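One structure is given below, encoded as structure tokens.
As the structure is a computational prediction, the values presented were derived from the model and not from experiment. Residue numbers begin at 1 in each chain, while the letters A, B, ... track the order of the sequences.
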2 protein chains.
Amino acid sequence: MLEAAVQRGRQLPTGVALMRAGDPMAALFVVRSGSAKRYSVTLQGAEQVHGFVLPGEAVGLEGFASGRYTCEVSALEPLSYCRVPMRRLEPLLERLPGLRREILRLLGQALEESQRLRCELAQIDARGRVAHFLADLSGRLARRGLSPVEFRLSMSRADIARHLGLTLETVSRALSTFKREGWLRVRARDISVLRPDALTALGGGLA
Amino acid sequence: MLEAAVQRGRQLPTGVALMRAGDPMAALFVVRSGSAKRYSVTLQGAEQVHGFVLPGEAVGLEGFASGRYTCEVSALEPLSYCRVPMRRLEPLLERLPGLRREILRLLGQALEESQRLRCELAQIDARGRVAHFLADLSGRLARRGLSPVEFRLSMSRADIARHLGLTLETVSRALSTFKREGWLRVRARDISVLRPDALTALGGGLA
DNA sequence: CGCGAAAATTGATCTGTGTCAAGTCCTGAC
DNA sequence: GTCAGGACTTGACACAGATCAATTTTCGCG
């Protein structure tokens, strides 16, 4: 029954927006493959990167606040995704207690995640933040059965920097340091983690 | 019918915990008067302050993620609050679409808020963060009909610092600067905002 | 394959904030 | 009222990271 509410197999080319800030929240999305950037643009035109969406992750939950999306989400590489229209979802929430619990769980998780991230990033230095970012990415990839030690960054250094509250130079320097320390291999956007323990140690005790 | 599910008129003295990290999520809470600090303690024993709870605000929503609370909440001053046991709330979610939407809205709002805060804090300097903090507090007090220009901080400088990712010295210096600039009066924990426009300007375009 | 533009690296310098260290001001208890 | 201990302020200094600038690398495209 939930199946019937899901529109599968949608595609989006690189750079195109999945949603725009201010749009009415017509649907929830789940990314199936590819990745996306969640961001918003300040009045002064600066881009604030909220985070990145990986396969298996949901997008659009903040829309529950006001019925409108509050940030832009655009594809960093060709994206395939599912779409769950709110019109179909809402009636199901009445009949399926399990689905209700699942949606609440997703929201709670996103909330907890966001708060944890904020506190962690606020307390650690630049190298720690970059390590934390890599550790987080690695863990999320692993959850989807992808390699946690060999992966390709779909986002630019500038995106990473804006996400972590650093400059792109500092991100670059952190990566170079890790490389020099011998536990990370970096070639452009290809990353190899040679010693995962070093990553988690620096990342500030990420699970 | 929702009324019957709410336990009203509960009290808590200063310093006592409303919930502990790891406790099963037995209830949601809504603060009626007083204020509280939301925080967690790292493995190294450092305290990370997630935020502060003011009258009219809900606590415990992150519990939806796993069925357990994920942070400590303790009273900064004598607290009165309502308690909504999950046992009573869950059956109501089935029958009351309005309540369902309200809970989703609350969660969405908390999520959006948390993400916005993280991005804003990551990009601005120490004085901006302190101004932002005051502007946020001021706005939330105003929403409850309290004065947005004259209020008393219930939290210490150290709490504010840990919340903003600064040191207490830097918070203190920022407040002193504002005082010297003539648009804020600070006497210990009593705050008077003489020029609210200066606050919002520095705070980074807070609504 | 090679060109050009964008992305990333690396270096030099400067500034904001953390750190350490006195000191002063509150506040609550007696 | 006064005393003690914690909270807060202020100052001096060091250093991480921002900024500015110059290359180098990567990658899409003809």
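Going from atom CD1 of B:Ile160 over to atom P of D:dA7 covers 13 Å, rounded to whole Å. Regarding B:Lys179, its NZ atom lies at a distance of 11 Å from the C1' atom of D:dT10, rounded to whole Å. Atom-to-atom, CD of A:Glu77 to P of D:dC27 comes out at 14 Å; the value is rounded to the nearest Å. Following rounding to the nearest Å, B:Arg129 (CZ) and C:dG16 (P) show an atom-to-atom distance of 14 Å. In this structure, B:Leu121 atom CG and C:dT17 atom P are separated by 13 Å, rounded to whole Å. Here the P atom of nucleotide D:dC15 and the CG atom of A:Asp125 are 15 Å apart, to the nearest Å. Protein atom CZ of B:Arg162 is 11 Å distant from nucleotide atom P of D:dC8, rounded to whole Å. The CG-P distance, from B:Leu184 to D:dT9, rounds to 11 Å in whole Å.
Ion pairing of A:Arg116 with A:Glu112 is absent here, as no side-chain N (NZ or NE/NH1/NH2) approaches a carboxylate O to less than 4.0 Å.
When each of A:Asp190 and B:Arg180 is assigned the nucleotide of DNA chain D bearing its nearest heavy atom, the one mapping closer to the 5' terminus is B:Arg180. Nearest-nucleotide positions on DNA chain D for B:Ala158 and A:Ala126 put B:Ala158 closer to the 5' end. Position along DNA chain C of the nearest nucleotide to B:Arg152 versus B:Gly165 favours B:Gly165 as the more 5'-ward residue.
Closest approach to the B:Leu166 side chain among C:dG18, D:dT9, D:dG17 is made by C:dG18 (side chain taken as heavy atoms from C-beta onward). When distances are taken from the side chain of B:Thr170 to each of C:dT27, C:dG18, C:dT9, the shortest belongs to C:dG18. Comparing D:dG17, D:dA21, D:dC27 by their nearest atom to the side chain of A:Glu169 picks out D:dA21. Side chain of B:Ala188, nearest nucleotide from C:dT27, D:dT9, C:dT9: C:dT27. Minimum atom distance to the side chain of B:Arg157 is reached by D:dT9, of the listed C:dT27, D:dC27, D:dT9. Picking from C:dA8, D:dC27, D:dT10 the nucleotide with the shortest atom distance to the side chain of B:Ser176 gives D:dT10.
Under 4.0 angstrom from either OP1 or OP2 of D:dT26 there lies at least one side-chain N or O belonging to A:Arg187. For D:dC8, the OP1/OP2 oxygens have a side-chain nitrogen or oxygen of B:Arg189 closer than 4.0 Å.
Checked by distance alone, A:Arg173 brings a side-chain donor or acceptor within 3.5 Å of a matching partner on the base of D:dT19.
Side-chain contact between B:Leu76 and B:Thr14 is absent, with no heavy atoms from C-beta onward closer than 4.5 Å. Between B:Leu137 and B:Phe151, the closest side-chain pair of non-hydrogen atoms falls below 4.5 Å. Looking at heavy atoms from C-beta onward, B:Val130 lies in side-chain contact with B:Leu164 at the 4.5 angstrom threshold.
The number of heavy-atom neighbours closer than 6.0 Å to CZ of B:Arg32, taken from other residues, nucleotides and ligands shown, is 12 or below.
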